[in-house]
Amino acid sequence: MTKGGLSFEMSSISQCFTCTSVMMHVYCAIFVLQQISWFAEATGSSIVGGKVVKPHSKPYMASLHVHGAHVCGGILIRKDFVLTAAHCHNKTMTVILGAHNISKQEKSQQRIKVAEFYPRKKFDGNYSKDIMLLKLERDAKLNRYVKVIGLPKNGKLPAKNTRCTAAGWGQIVGGSKGGPTSDVLKETTEKTESDFECKNIWQHYFQSDHMICTRPDKKGGVCWGDSGGPLICNTKLQGITAFLYRDDCSDRRYPHVFTKVHPFVHWIQEVMRGKVAA
C-alpha cells in the first residue's frame, strides 16, 4: 500500500478482473498481478507511508486469491463469512486466512474456496454499495492466527482528522501500476476527512450516507491490491477500501474512499442468517 496509479487490465495470470471506471480518474483499488516475478521478499521494516505489521496481529485479515495470485483483501466477520468489496468478485476465488507472508505456505494458513458470493448489488462501475460477502465452503478454524472482527454497533463515525489504520498486501512503490507488491502484511495510517471536502472533490461519486473518506499519509497510503481490506478507527471496523485516484493513489489532493460498514449491518446479518439468496 503506497502511492501509484490505479486501473484495470487483462493480465497473464488472470484475464477475468476488469473494471469500468466511473470517471476518468477514479478506479477501484484492486490489483491483478501481471508477472509472478512481481512478488519479492520484503526488505527493511517499512514501506512508503506504512510498516510491516507484527505477524498475525490482525488475525481477521484475509487475502483473496485468483489462480494463485493475490487480488484483494478481505475481513473475516464470522467463521464462515468474509467481508470484502463487490468489485473484487471472481468465481474462482480462494480465501487465505491466518497469513502473514502470502508467498509462503505458512503452517498458520487456512485456504478455503468460496462457495457463494453475495454482492450488495451487481458491480457495474458505480461504486455505490461496493460491498460483498463471501460464504466459505467450510468453516474456518478459529485460533490464535485466525479470528473474527466484530461489526460496528452504531453509525457514529470518527471526527475529522481521526487517525485510522488500513492494511493489505498491495503495491509498495509509487508511480504507475505494475510495481512490486508486498508478500507480508503491511499497514498505514490515514486521517478521516470531512464529508464536505470529499463531496467537493469527488462530487456526485461520493455518497456520504454509505461512504467515508480519508487523507493518505504524506508518503503514501492504500493502493493497488488493497481493495476489500479494512479501515479501522478507534479499534473498530469502519470501512472497506473502495476507490482512489488513478494516477497517484497517495496524491493528497484526492481523498481515499471507503464503503461504510455500518449502513449494511442489517443486510449482512440477513445474509448470514440465510435470508438473502445468492
Less than 4.5 Å apart, any side-chain heavy atom of [X] and any of [Y]?
X    : Y    : value
T162 : Q238 : no
W169 : T181 : no
L157 : T192 : no
L142 : K147 : no
I232 : I149 : yes
H56  : R144 : no
P230 : M61  : yes
H256 : L231 : no

Hey, could you give me each pair passing salt bridge (Lys or Arg N to Asp or Glu O under 4.0 Å) that has a residue in residues 189-215? Not counting sequence neighbours.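 Counting only pairs at least two positions apart or across chains, the salt bridge (Lys or Arg N to Asp or Glu O under 4.0 Å) contacts touching residues 189-215 are K160-E193, E193-R215, E197-R215.
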With under 30° as parallel and over 60° as perpendicular, where do the rings of W202 and F243 fit, or are they tilted in between?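 W202 vs F243 ring planes: perpendicular.
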Relative to the ring of Y118, is the ring of F81 parallel (under 30°), tilted (30 to 60°) or perpendicular (over 60°)?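 Geometry flag for Y118 against F81: tilted rings.
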Kindly compute the distance separating [atom1] ([X]) from [atom2] ([Y]), expressed to the nearest 0.5 Å.
X    : Y    : atom1 : atom2 : value
I268 : L83  : CD1   : CG    : 5.0 Å
T188 : K51  : OG1   : NZ    : 10.0 Å
N234 : T165 : CG    : OG1   : 10.0 Å
E270 : M272 : CD    : CE    : 10.0 Å
L244 : Y254 : CG    : OH    : 13.0 Å
K104 : Q109 : NZ    : CD    : 10.5 Å

Ring pair (Phe, Tyr, Trp, His ring centres under 6.0 Å) partners of F117, counting only residues at least two apart: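 Partners of F117 by the ring pair (Phe, Tyr, Trp, His ring centres under 6.0 Å) criterion, ordered by chain and then number, come out as H89.
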Ring pair (Phe, Tyr, Trp, His ring centres under 6.0 Å) against F206, all qualifying residues, sequence neighbours excluded: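 Counting only residues at least two positions away or on another chain, F206 forms no ring pair (Phe, Tyr, Trp, His ring centres under 6.0 Å).
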Ignoring hydrogens and angles, tell me if any N or O in the side chain of [X] forms a donor-acceptor pair with the backbone of [Y] under 3.5 Å.
X    : Y    : answer
D251 : R253 : yes
Q110 : D139 : no
R78  : V148 : no

I would like to know whether H210 and S128 meet side chain to side chain donor-acceptor pair (under 3.5 Å); could you show each step before the answer? CA-CA 8 Å; H210 56 265; S128 172; 3.2 Å; yes
Which residue pairs satisfy the disulfide (SG to SG under 2.5 Å) criterion with at least one member in residues 111-168, sequence neighbours excluded?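 Those involving residues 111-168 are C164-C233.
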If you look only at distance, which donor and acceptor atoms sit under 3.5 Å apart when one is on a side chain in residues 257-266 and the other is two or more places apart or in another chain?
{"from": "T259", "atom 1": "OG1", "to": "D130", "atom 2": "O", "distance (Å)": "3.1"}
{"from": "K260", "atom 1": "NZ", "to": "S208", "atom 2": "O", "distance (Å)": "2.6"}
{"from": "H262", "atom 1": "NE2", "to": "G155", "atom 2": "N", "distance (Å)": "3.3"}

L133/K135 under side-chain contact (heavy atoms from CB on, under 4.5 Å): CA gap, chis, key distance, verdict: CA-CA 6 Å; L133 278 167; K135 176 71 166 65; over 6 Å; no
Is there a continuous path of hydrophobic side-chain contacts, each under 4.5 Å between heavy atoms, that joins I96 to L185?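 Unlinked, I96 and L185 end up in two clusters.
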Quick check: are there more than 12 heavy atoms from other residues, nucleotides or ligands sitting under 6.0 Å from NZ of K79?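 Incorrect, the count does not exceed 12.
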Looking only at heavy atoms, what is the nearest atom pair of [X] and [Y], with distance?
X    : Y    : value
A140 : V146 : CB-CG1, 4.3 Å
H70  : G225 : NE2-O, 2.9 Å
A85  : I240 : N-CG2, 4.0 Å
S182 : I102 : O-CD1, 4.2 Å
C213 : P255 : SG-CB, 3.7 Å
V222 : A166 : CG1-CB, 3.5 Å

T94: partners by side-chain contact (heavy atoms from CB on, under 4.5 Å), with sequence neighbours left out: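 Expected list: R111, K113.
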Check: H87/S227 side-chain N/O donor and acceptor closer than 3.5 Å: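 Distance-only check passes for H87 and S227.
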Given the rule in the side-chain contact (heavy atoms from CB on, under 4.5 Å) test, do V52 and H100 qualify, once you have shown the distances and angles that lead to the verdict? CA-CA 10 Å; V52 177; H100 178 64; 3.8 Å; yes
Using the rule given for side-chain contact (heavy atoms from CB on, under 4.5 Å), can you reason through H65 versus S63, listing the C-alpha separation, both sets of side-chain angles and the distance that settles it, and then say yes or no? CA-CA 6 Å; H65 283 218; S63 173; 2.9 Å; yes
Dump the intermediate steps for side-chain contact (heavy atoms from CB on, under 4.5 Å) on N90 and L64, then the final yes or no. CA-CA 10 Å; N90 186 287; L64 310 185; over 6 Å; no
